[in-house]
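Notes for the one structure printed next.
Both ligands and their constituent atoms are indexed starting at 1 by order of listing. Hydrogens, waters and symmetry mates are skipped; everything else that's a heavy atom, side chains included, is used. Counting from 1, the numbers follow the sequence of the chain as shown. The model shown is predicted, which means the values in this text are computed figures rather than measured ones.
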Amino acid sequence: MRKAFVAGNWKMHGSKASILTLVSGLNAKVGEVGDVDIAVCPPAIYIDFVNRSLSTGKIAVGAQNMAEEPVQGAYTGEHSVAMLKDFDCQYVILGHSERRAIYGETDAQIARKVKVALENGVTPILCVGETLEERESGVMETVIATQLDAVIAEVGIVAFEKIVIAYEPVWAIGTGKTATPAQAQEVHAFIRSKLAQLSADIAQKVIIQYGGSVKPDNAAELFSQPDIDGGLIGGASLNADDFIAICKAAG
Ligand code: 13P
């Protein structure tokens with residue numbers, strides 16, 4: 001039985017004041033959530049502030065990116081996995097479509113980052129997903145398989161026991177256009193069957209989150225699909241009531 005996992009990707013949003021309001025709301029209400037793993041991923045500069053503001057052990061903290069170089073060095077503007085661990089980060093989102101599209105991160109770079117995270121005991125949340133153009137031109141499965149294959153080649157299938165996958169169709173991110181539960185389930189099943197070709201055991205265990213315009217009113221139906229094990233939530237994770245409602249829907 002896979003345990004549902006819901007993570008909030010705050011992207012580049014928030015201020016000390018707004019984050020304090022958000023975290024206070026989470027502290028007050030997280031007790032209402034059942035047996036669900038929960039994490040929030042603030043902008044890196046706020047990670048310590050969030051960790052110190054959280055009064056509950058029920059919410060883990062993650063980062064939204066990290067450097068390929070594991071420790072320290074002359075890499076202006078970057079933060080390493082060692083630094084994330086120093087501030088008790090348990091997760092790191094890697095390969096988000098915004099990193100791929102805006103900052104030009106390649107499959108190979110993302111795969112190396114996954115390896116560095118795993119070697120240092122930080123759980124990668126590996127994002128994969130197709131654009132609308134790729135979906136409409138019929139190459140969706142090839143795109144997702146290529147994204148996964150780069151990581152499989154770098155770390156091997158067994159490592160996927162310690163990787164969370166987030167399927168995020170690019171066309172559903174921040175657009176209000178959610179994949180229908182059936183559309184999402186189809187891709188989740190594809191991802192699981194692809195991994196099962198290498199290890200049926202790992203494929204059954206791997207957590208696959210759905211991300212893309214998940215809201216309190218569509219979360220339960222998405223999460224009820226057999227291969228959807230929770231969500232990676234953008235906009236709705238910036239509101240405590242909405243995020244808690246989504247976490248409850250995964251319980
Ligand atoms: P939205 O929930 O705002 O569509 O964002 C999804 C996302 O990109 C999470 O990583």
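Ring geometry for Y167 against H188 counts as perpendicular: the plane angle is over 60°, on a 0 to 90° scale with 30° as the lower cut.
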For a side chain to side chain donor-acceptor pair (under 3.5 Å) check, start with the C-alpha distance between Q147 and D107, then their side-chain angles and the critical distance, and finish with the verdict. CA-CA 6 Å; Q147 292 169 342; D107 284 338; 5.0 Å; no
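Residue G234 has at least one nitrogen or oxygen atom sitting less than 3.5 Å from a nitrogen or oxygen atom of ligand 1, judged on distance alone. Considering both main-chain and side-chain atoms, G212 never comes within under 3.5 Å of ligand 1 through any nitrogen or oxygen pair.
Residue contacts with ligand 1 include K11, since one or more of its heavy atoms lies under 4.0 Å from the ligand. Residue contacts with ligand 1: G174 is included, with a non-hydrogen atom under 4.0 Å away. At least one heavy atom of A172 sits closer than 4.0 Å to an atom of ligand 1.
At a heavy-atom cutoff of 4.0 Å, ligand 1 is contacted by the side chain of N9 but not by its backbone.
In this structure, L26 and F243 approach most closely via the heavy-atom pair CD2-CD2, 3.7 Å.
Under a cut-off of 6.0 angstrom, the local environment of NZ in K29 is sparse, with at most 12 non-hydrogen atoms contributed by other residues, nucleotides or ligands. By the neighbour-count criterion of 12 heavy atoms within 6.0 Å, atom NZ of K215 is densely surrounded, having more than that number from other residues, nucleotides or ligands. In Q72, the CD atom is not crowded: 12 or fewer heavy atoms of neighbouring residues, nucleotides or ligands sit closer than 6.0 Å.
Close contacts of ligand 1 with L232, meaning ligand atoms under 4.0 Å from a residue heavy atom, involve 9 (C), 10 (O).
With hydrogens left out, the protein atom closest to atom 3 (O) of ligand 1 is G235 N, 2.8 Å, a heavy atom. Of all protein heavy atoms, the one lying nearest to atom 7 (C) of ligand 1 is E168 OE2, 3.3 Å.
Counting only non-hydrogen atoms, the option in S237, G231, G8, S213 that gets closest to atom 1 (P) of ligand 1 is S213.
Judged as a side chain to side chain contact (heavy atoms under 4.5 Å, CB included), and not counting sequence neighbours, A200 has no contacts.
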